[in-house]
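Down below is the structure, laid out as structure tokens.
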Amino acid sequence: MPTIKLSWEHGDFGFVATDENGHSIKMDSSPESGGENFGVRPMQTLLMGLAGCSAIDVISILKKQRQDVVDYKMTVSGEREKGKEPSLWQSINVEFHLYGDIDPDKASRAVDLSVNKYCSVAATLMGAGAAIKTQTFIHPAK
């Protein structure tokens, strides 16, 4: 069973979360809320998780389709609910930037399969009411 351990490391709200394999991330609250920019905001880690989860899916699908992906980048941004506590992700925009000799239809299909079928993080966010919009861009190899 995955287990996360968290320790207080810095200032009032600076924490380090570590998984059972020793991988860790630093988290903190915003300076407006008393934090000191020691690490990522906890809600931002959800967007990072979405990016990582979907990236693994998309690359896996495209490799199986023998697409020549030589580089891959993503940009994930989101808006949270205003005036609510807790303030959940309301809308999330995800840009997929794929580099190489890649069929655009296969890339778009891989993105759709990831976000709407395979990515557990996307399913979790959408289950909480977030709308996820995607854009797929194919670029020539660098």
Side-chain angles (χ1 to χ4, degrees), residues 1-82 84 86-142:
M1 167 181 358
T3 302
I4 303 299
K5 293 185 178 182
L6 184 125
S7 60
W8 190 6
E9 300 283 332
H10 180 85
D12 288 338
F13 305 115
F15 300 95
V16 174
T18 305
D19 72 6
E20 67 275 7
N21 295 308
H23 305 292
S24 62
I25 59 169
K26 298 189 302 185
M27 291 183 281
D28 196 358
S29 182
S30 68
E32 299 80 34
S33 297
E36 298 178 16
N37 276 324
F38 173 73
V40 179
R41 311 293 174 266
M43 286 296 285
Q44 291 172 337
T45 64
L46 294 173
L47 299 183
M48 292 177 170
L50 172 62
C53 179
S54 191
I56 291 167
D57 292 340
V58 170
I59 294 297
S60 176
I61 292 165
L62 292 175
K63 279 185 164 213
K64 289 176 185 171
Q65 295 176 341
R66 294 187 169 90
Q67 297 298 294
D68 185 27
V69 180
V70 298
D71 199 2
Y72 182 95
K73 300 188 184 311
M74 291 175 73
T75 301
V76 181
S77 59
E79 292 287 329
R80 291 174 63 184
E81 297 170 318
K82 303 278 189 243
K84 285 186 163 184
S87 175
L88 306 181
W89 290 112
Q90 185 173 2
S91 63
I92 299 170
N93 296 306
V94 185
E95 291 182 5
F96 295 80
H97 293 271
L98 297 117
Y99 298 79
D101 186 17
I102 303 160
D103 180 315
D105 291 332
K106 289 182 178 182
S108 292
R109 178 74 176 139
V111 165
D112 182 63
L113 284 170
S114 173
V115 172
N116 295 304
K117 185 174 182 180
Y118 296 121
C119 178
S120 299
V121 178
T124 299
L125 290 165
M126 289 187 290
I132 300 176
K133 296 179 184 172
T134 63
Q135 290 180 284
T136 306
F137 300 94
I138 308 299
H139 306 280
K142 294 181 178 180

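Numbers for residues simply follow the sequence, beginning at 1.
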* To do: May I ask you to check whether over 12 heavy atoms, not counting those of Asp101, lie within 6.0 Å of atom CG?
  => no

* CZ-NE2 distance between Phe15 and His10, expressed to the nearest 0.5 angstrom -> 11.5 Å

* Test log, rule side-chain contact (heavy atoms from CB on, under 4.5 Å), inputs Asp57 and Leu113 -> CA-CA 8 Å; Asp57 292 340; Leu113 284 170; over 6 Å; no

* Indicate yes or no for a side-chain donor-acceptor contact from Ser87 to the backbone of Glu81 under 3.5 Å, with no hydrogens or angles considered. => yes

* Structure fact -> CZ (Arg109) and CG (Asp103) are apart, to the nearest 0.5 Å, by 13.0 Å

* Gln90 versus Arg80, closest heavy-atom pair with distance -> OE1-O, 3.9 Å

* Structure fact -> Heavy-atom nearest pair, Pro104 first then Ile138, reads CA-CG1, 4.1 Å

* Structure fact -> Rounded to the nearest 0.5 Å, the CG atom of Leu125 sits from the SG atom of Cys53 at a distance of 9.5 Å

* Does the pair Leu98 and Gln67 meet the rule for a side-chain contact (heavy atoms from CB on, under 4.5 Å), with working shown? -> CA-CA 11 Å; Leu98 297 117; Gln67 297 298 294; over 6 Å; no

* Interatomic distance, Ser30 atom OG to Glu36 atom CD [nearest 0.5 angstrom] -> 11.5 Å

* Okay, side chain of Ser108, backbone of Asp105: is any donor-acceptor separation there less than 3.5 Å? -> no

* Is a side-chain N or O of Glu9 found less than 3.5 angstrom from the main chain of Gly14, in a donor-acceptor match? -> no

* Glu79 atom CD, neighbour heavy-atom count above 12 within 6.0 Å -> no

* Asked: Do Ile92 and Leu50 have side-chain heavy atoms sitting under 4.5 Å apart?
  -> yes

* Which heavy atom in Pro2 sits nearest to a heavy atom in Glu20, and how many Å separate them? -> CA-OE1, 3.7 Å

* Aromatic rings Phe96 and Tyr72: how do their planes relate, parallel, tilted or perpendicular, breaks at 30° and 60°? -> perpendicular

* To do: Evaluate side-chain contact (heavy atoms from CB on, under 4.5 Å) for Val58 paired with Thr136, printing each intermediate quantity in order.
  => CA-CA 11 Å; Val58 170; Thr136 306; over 6 Å; no

* Indicate yes or no: does Lys26 engage Asp28 in a salt bridge with an N to O separation below 4.0 Å. => no

* Asked: To the nearest 0.5 Å, how far apart are NZ in Lys106 and CD1 in Ile61?
  -> 12.5 Å

* Structure fact -> Rounding to 0.5 Å, atoms OH (Tyr118) and CG (Asp112) come to a distance of 10.5 Å

* Between the main-chain N or O of Asn21 and the side-chain N or O of Asp19, is there a donor-acceptor pair closer than 3.5 Å? -> yes

* To do: Identify the heavy atoms of Val40 and Met48 that sit nearest to each other, and give their distance.
  => CG2-CE, 3.6 Å

* For Ser114 against Ser54, the heavy-atom pair lying closest together -> OG-OG, 2.8 Å

* Asked: For the residue pair Leu47 and Ser77, what are the closest heavy atoms and their distance?
  -> CD1-C, 4.5 Å

* Verify side-chain contact (heavy atoms from CB on, under 4.5 Å) between Val115 and Val94, making sure each step is shown before the conclusion. => CA-CA 10 Å; Val115 172; Val94 185; 5.9 Å; no

